[in-house]
K.L.:
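First the structure, then my questions, so here it is.
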Amino acid sequence: MVVDPLPHHSSAVAPLLPVPQGAYVVPATVTTFGDRPAPFLSLIIPTYQEAANIAPLVQALTQLLDPVLPNDYELIVVDDNSPDHTWEHAQQVAAQFPVQVMRRIDERGLSTAVIRGWQAARGSVLGVIDADLQHPPETLIQLLSEIRRGADLSVASRHVIGGGVSDWSLARRILSRGAQMLGLVILPEVVSRVSDPMSGYFLVRRGAIADIPLSPVGYKILIEVLGRGQVRWIGECGYVFQERQEGDSKVSRQHYWDYLLHLWRLRWARWQGGRLLRFGTVGFSGVFVDMAVFYLLRGVLGWGLTRSAVLSAEVAIINNFLWNDRWTFGDISRRQTRRRQMIKRFLKFNVVCLLGLLLNVTIINILFNGFGVNAYVAKLLAIAAVTLWNFWFNLKLSWRVTDKD
Ligand code: GDD
Ligand code: MN
C-alpha cells in the first residue's frame, strides 16, 4: 500500500497528482519518494462520469489485492474533469484506500488518460481497468500470474475459454467483431497477436513500453501497446464483460473514426512511412545533383558520355548518402558515430545503390523491349521500383540498428 490511509474522521482529501505534460513516453525508471520502495503493480482507472462506480470498484480491488500484493500496489484514478466530479469522489475514497487521483483539465480521451496515469505510476507492472465494474476485478489475479510466469503483457479477453460478454445486442457484437476484422486487415501482424484486441483490461511490464513515444487515438490503448511496444510474450485470461450498473458507456461514433485513424497511424509507423517519404525526397534531390554534374562534365568540360554518367551518378550517391545518414536514418546513425561505422555504411550504401542502378537498367529494358512500354514510363516505373529496393535494403543493411562495431 503506497498511500497510507488517513483515519476515517479526516476531512482532508488526498491531493491531486500532477498531470504529466508533453510527449506520451512512459519512463523506464521511476523516482521513489524517500525510503518507500516502488510498488509492483500500478493499476490505472480511467474515468469519465463514474462518480457512482469509484467507491465500489476501489473496495472490490483492495479486497482482492491486499492479500495478494500487500503494500505493493497503487491505484491511480485519471479523471477528465467529469461533470459529476468523479475526481472529488475518488479523492474522498483515497482518504481510506491506496488511491491516487489525477484530474486532467486540458486533455481528454481514454487512451491518453491511461498513458498519463502510467507516466505518473511507479510500479514495474502497469495496468488498466475500467471504472464501471464491467471488467471483473477478480480476473486481475490471473493477469498477475501470467506476468509472474514471464509474460510481458497479460490481456483479459472475451474471446478465449471462460470469456464472453453479458447480453450484448447483436449490433454491438457485430460492431466489436467488425472492428477486430478491420484491424486484422490493416494491421494483421499486430491485431492477430491477441484474441481480443479491443480489450481495455490488461497488465504490461513497464520495460515493454518504456522510453517509446506513444501516440494513441481514442479508446484502443491495447493496440497502441502491441503496435509500438516491445512485447514478446503475451498471456490471455478469459473474462465475461459485465453489464454496466451505473452510468452509461461513452463509446460514440467518433470513437470508430478514431479507431480507423489509430490503425492507419500505426500502419504508417510500422511501414516506417515517414522514413520512406524522407528517403524518396533525398532520392529526388539526387536526380538534380546527378543531372547538374552530368551537364558540367559532359556539356561544359566535354568529357565522354560513360565517364560523365558514372561520375555524376557517384556524386549523386554521395549526396544521397550524406542526406540519408543525417536525416532519413539520423536516429540510427547517431547511435553509430565511429568513423569506421560511417565508412561501412557509405560502402554498403554504394553497393545497394549500384545494384539498384543495374536493376533500374534491367527493368527499363524488360518493360521497353519486352512489353513495348513507353521509354519514359518505363524509366519512371524503374525509378519507383529501385527507390523501394534501395530503401528496404539500406534500412536492413546499411543502417542496421543491430550494428555492433
Ligand atoms: N479519463 C477518461 N477520459 N476516461 C474515459 C473516457 C475519457 O475520455 N472515456 C471513457 N472513459 C472511461 C470510462 O469512465 C470507463 O471507466 C472506461 O473508460 C471505459 O469506458 P466505457 O464508456 O464504459 O467503455 P465500454 O464499456 O463501452 O468499453 C470498454 O470495454 C471494452 C472491452 O474491454 C472500453 O474499455 C473499451 O475500450 C473496451 O474495448
Ligand atoms: Mn463500460
Side-chain angles (χ1 to χ4, degrees), residues 1-27 29-62 65-66 69 71-133 135 137 200 206 209-210 214 216 219 221 246-247 250:
M1 198 168 305
V2 178
V3 177
D4 302 332
L6 301 172
H8 280 273
H9 58 275
S10 153
S11 57
V13 287
L16 290 170
L17 274 176
V19 181
Q21 302 298 317
Y24 295 108
V25 180
V26 176
T29 51
V30 295
T31 45
T32 50
F33 304 118
D35 55 349
R36 278 201 210 138
F40 174 72
L41 170 67
S42 296
L43 189 63
I44 308 307
I45 305 168
T47 58
Y48 191 69
Q49 304 271 64
E50 303 291 355
N53 287 316
I54 276 297
L57 174 73
V58 168
Q59 262 160 342
L61 286 174
T62 49
L65 292 173
D66 280 346
L69 283 176
N71 304 322
D72 207 10
Y73 70 93
E74 60 181 0
L75 305 177
I76 301 179
V77 171
V78 182
D79 183 62
D80 283 356
N81 204 27
S82 301
D84 68 0
H85 289 222
T86 302
W87 77 90
E88 283 175 353
H89 292 261
Q91 283 180 290
Q92 279 150 24
V93 171
Q96 287 124 39
F97 293 101
V99 176
Q100 297 167 81
V101 186
M102 188 187 291
R103 175 192 180 189
R104 299 198 304 170
I105 309 283
D106 313 320
E107 289 179 335
R108 211 173 129 209
L110 169 53
S111 295
T112 57
V114 174
I115 294 171
R116 290 304 188 204
W118 285 344
Q119 287 178 296
R122 294 176 303 115
S124 49
V125 174
L126 306 170
V128 53
I129 186 171
D130 286 358
D132 55 12
L133 291 157
H135 291 162
R206 179 186 289 274
I209 54 171
L214 301 172
Y219 254 47
I221 179 71
E246 300 281 347
K250 284 81 190 175

K.L.:
Any side-chain heavy atom of I45 within less than 4.5 Å of one from I129?
P.N.:
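Yes. Closest side-chain heavy atoms under 4.5 Å.
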K.L.:
Below 4.5 Å, heavy atoms only, C-beta onward: do Y73 and L43 meet side chain to side chain?
P.N.:
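With C-beta onward as the side chain, the pair stays apart.
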K.L.:
Does a side chain donor of either Q49 or S82 reach within less than 3.5 Å of an acceptor in the other side chain?
P.N.:
no
K.L.:
Does R104 pair with D80 as a salt bridge, N-O distance under 4.0 Å?
P.N.:
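D80 and R104: salt-bridged.
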K.L.:
Given 3.5 Å as the limit, does a donor-acceptor pair link the side chain of D84 with the main chain of E50, or not?
P.N.:
yes
K.L.:
Nearest 0.5 angstrom please: E88 CD to D79 CG, how far?
P.N.:
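It comes to 10.0 Å.
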K.L.:
Locate the shortest heavy-atom distance separating R116 from G22; write the atom from each residue and the value.
P.N.:
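Result for this residue pair: NH2-O, 2.8 Å.
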K.L.:
Quick one: pull up CG in D106 and CG in N81 and give me the separation to the nearest 0.5 Å.
P.N.:
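Here the rounded value is 9.0 Å.
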K.L.:
Can you find a heavy atom in the side chain of L75 that is under 4.5 Å from one in the side chain of T62?
P.N.:
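Yes, side chains in contact.
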K.L.:
Mind checking salt bridge (charged side-chain N to carboxylate O under 4.0 Å, His left out) for R206 and listing every partner two or more places apart, or none if nothing turns up?
P.N.:
none
K.L.:
Just how far is it from atom CG of L61 to atom CG of D66, taken to the nearest 0.5 Å?
P.N.:
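CG of D66 is found 10.0 Å from CG of L61.
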K.L.:
Looking only at heavy atoms, which two atoms of G117 and V78 are closest? And how far apart?
P.N.:
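Where G117 meets V78 most closely, the heavy atoms are CA-CG2, 3.7 Å.
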K.L.:
Please find the pair of heavy atoms, one from P20 and one from A120, that lie closest to each other, and give the distance.
P.N.:
CG-N, 4.1 Å
K.L.:
Can you see which heavy atom on E107 is nearest to which on Y24, and at what distance?
P.N.:
OE2-OH, 2.9 Å
K.L.:
CG/L17 to CD/Q100 distance, rounded to the nearest 0.5 angstrom?
P.N.:
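The CG atom of L17 sits 4.5 Å away from the CD atom of Q100.
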K.L.:
Of all heavy-atom pairs between L126 and A121, which one has the smallest distance, and what is that distance?
P.N.:
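Answer, listing the atom of L126 first, then A121: CD2-CB, 3.8 Å.
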K.L.:
What distance do Q92 atom CD and I54 atom CD1 have between them, rounded to the nearest 0.5 Å?
P.N.:
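Answer rounded to 0.5 Å: 11.5 Å.
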K.L.:
A38 and D72: which non-hydrogen atoms are nearest, and at how many Å?
P.N.:
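Looks like O-OD1, 4.1 Å.
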K.L.:
If only atom types and distance count, is the side chain of E246 paired as donor or acceptor with the main-chain N or O of D132 below 3.5 Å?
P.N.:
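Here the side-chain-to-backbone pair does not exist.
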K.L.:
Check whether any side-chain heavy atom of W118 sits under 4.5 Å from a side-chain heavy atom of I209, and report yes or no.
P.N.:
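Result yes, sub-4.5 Å side-chain heavy-atom pair found.
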K.L.:
Could you check whether W87 and H85 have their ring centres less than 6.0 Å apart?
P.N.:
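So the answer is yes for these two rings.
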K.L.:
Quick test of your reading: applying side chain to side chain donor-acceptor pair (under 3.5 Å), list the pairs with at least one residue in residues 14-23, sequence neighbours left out, ordered by first then second residue.
P.N.:
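Residue pairs with at least one partner in residues 14-23: there are none.
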K.L.:
If you measure from CG on L57 to CG on L133, what distance do you get to the nearest 0.5 Å?
P.N.:
5.0 Å
K.L.:
Would N53 and T47 count as a side chain to side chain contact (heavy atoms under 4.5 Å, CB included) here? Give the steps.
P.N.:
CA-CA 9 Å; N53 287 316; T47 58; over 6 Å; no
